[in-house]
Amino acid sequence: MSSDLRQPAASVRERAYAPYSKFKVGAAIRGASGAIYTGCNVENAAYPEGTCAEAGAIAAMVAAGETALIEAYVIAGSAVPVPPCGGCRQKLAEFGKGDVPVTLATTAGTEQHTTLAELLPGAFDAAFLEG
Ligand code: THU
């Protein structure tokens, strides 16, 4: 099963700015409206200032006025599908419910299907701020 998020994720991956790691990543997320938002990793000579593909896609969604995502797709040119980093799991969980499907993919065509809850069990969320 290949999501229609694959093509936009693969396309934006080509624009990744990754001169240091040489590891290009693309992400596409579907907002609750059905609109698709994309992002790629953007590295920096000051290494910790780099941003992940998922962060870029989330920023595009929020900038467009949406704050709920219903599907995510992440693609890299690796031998096996690359799991999102811990920070990106938390960022995705801010805007998606636990049952949101997430596909991790390689440019060669391998796909791994998971969910936000599987990626980040026991997530800290806004409910904990209520006391
Ligand atoms: N990276 C992402 O953009 N998303 C992920 O899910 C994993 C890692 C980026 C960060 C950095 O630019 C490069 O991949 C190597 O870590």
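Just so you know, ligand 1 is whichever comes first in the structure, and atom 1 is the first atom listed for that ligand.
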Are any of the N/O atoms on Val82, whether in the backbone or the side chain, positioned under 3.5 angstrom from an N/O atom of ligand 1?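 No: no nitrogen or oxygen of Val82 is under 3.5 Å from one in ligand 1.
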
Any nitrogen or oxygen of Thr51, main chain or side chain, under 3.5 Å from a nitrogen or oxygen of ligand 1?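 Not met; the criterion fails.
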
Nearest protein heavy atom to atom 14 (O) of ligand 1: under 4.0 Å?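 Yes, because at least one protein heavy atom sits under 4.0 Å from atom 14 (O) of ligand 1.
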
Distance from [atom] to nearest protein heavy atom, with residue and atom:
atom                    : result
atom 11 (C) of ligand 1 : Glu43 OE2, 3.3 Å
atom 16 (O) of ligand 1 : Phe23 CD2, 4.8 Å
atom 6 (O) of ligand 1  : Glu54 OE2, 2.6 Å
atom 9 (C) of ligand 1  : Asn41 ND2, 3.6 Å

What about Tyr37 and Leu104, same hydrophobic cluster or not, with Ile/Leu/Val/Met/Phe/Trp/Tyr joined at side-chain heavy-atom distances under 4.5 Å?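 Hydrophobic grouping puts Tyr37 with Leu104.
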
Establish, from distance only, whether the side-chain atoms of Glu43 and Ser21 form a donor-acceptor pair under 3.5 Å.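 On atom types as modelled, these side chains qualify, holding a pair under 3.5 Å.
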
Just checking, is any N or O donor in the side chain of Glu66 or Ser33 under 3.5 Å from an acceptor N or O on the other one?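 Yes, Ser33 and Glu66 have a side-chain donor paired with an acceptor closer than 3.5 Å.
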
Sub-4.0 Å atoms of ligand 1 with respect to non-hydrogen atoms of [X]:
X     : value
Ser21 : 13 (C), 15 (C)
Ala53 : 2 (C), 3 (O)
Val25 : 1 (N), 2 (C), 3 (O), 4 (N), 9 (C), 14 (O)

Might you point out which heavy atoms bring Ala57 and Ala27 nearest each other, and give the distance in Å?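 That would be CB-O, 4.0 Å.
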
Relative to the ring of Tyr20, is the ring of Tyr17 parallel (under 30°), tilted (30 to 60°) or perpendicular (over 60°)?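 Tyr17 and Tyr20: perpendicular rings.
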
For Val100, run the side-chain contact (heavy atoms from CB on, under 4.5 Å) check against Thr114, Leu119, Leu92, Leu69 and tell me which one passes.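 Considering Thr114, Leu119, Leu92, Leu69, a side-chain contact (heavy atoms from CB on, under 4.5 Å) with Val100 is found only for Leu69.
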
Rounded at 0.5 Å granularity, tell me how far CG in Leu5 sits from CD1 in Ile75.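 That separation rounds to 11.0 Å.
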
How long is the straight-line distance from OH of Tyr73 back to CZ of Arg6, given to the nearest 0.5 Å?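 Output value for this atom pair is 4.0 Å.
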
Ligand 1 versus Cys52, non-hydrogen atoms closer than 4.0 Å: side chain, backbone, both, neither?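 Both of them.
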
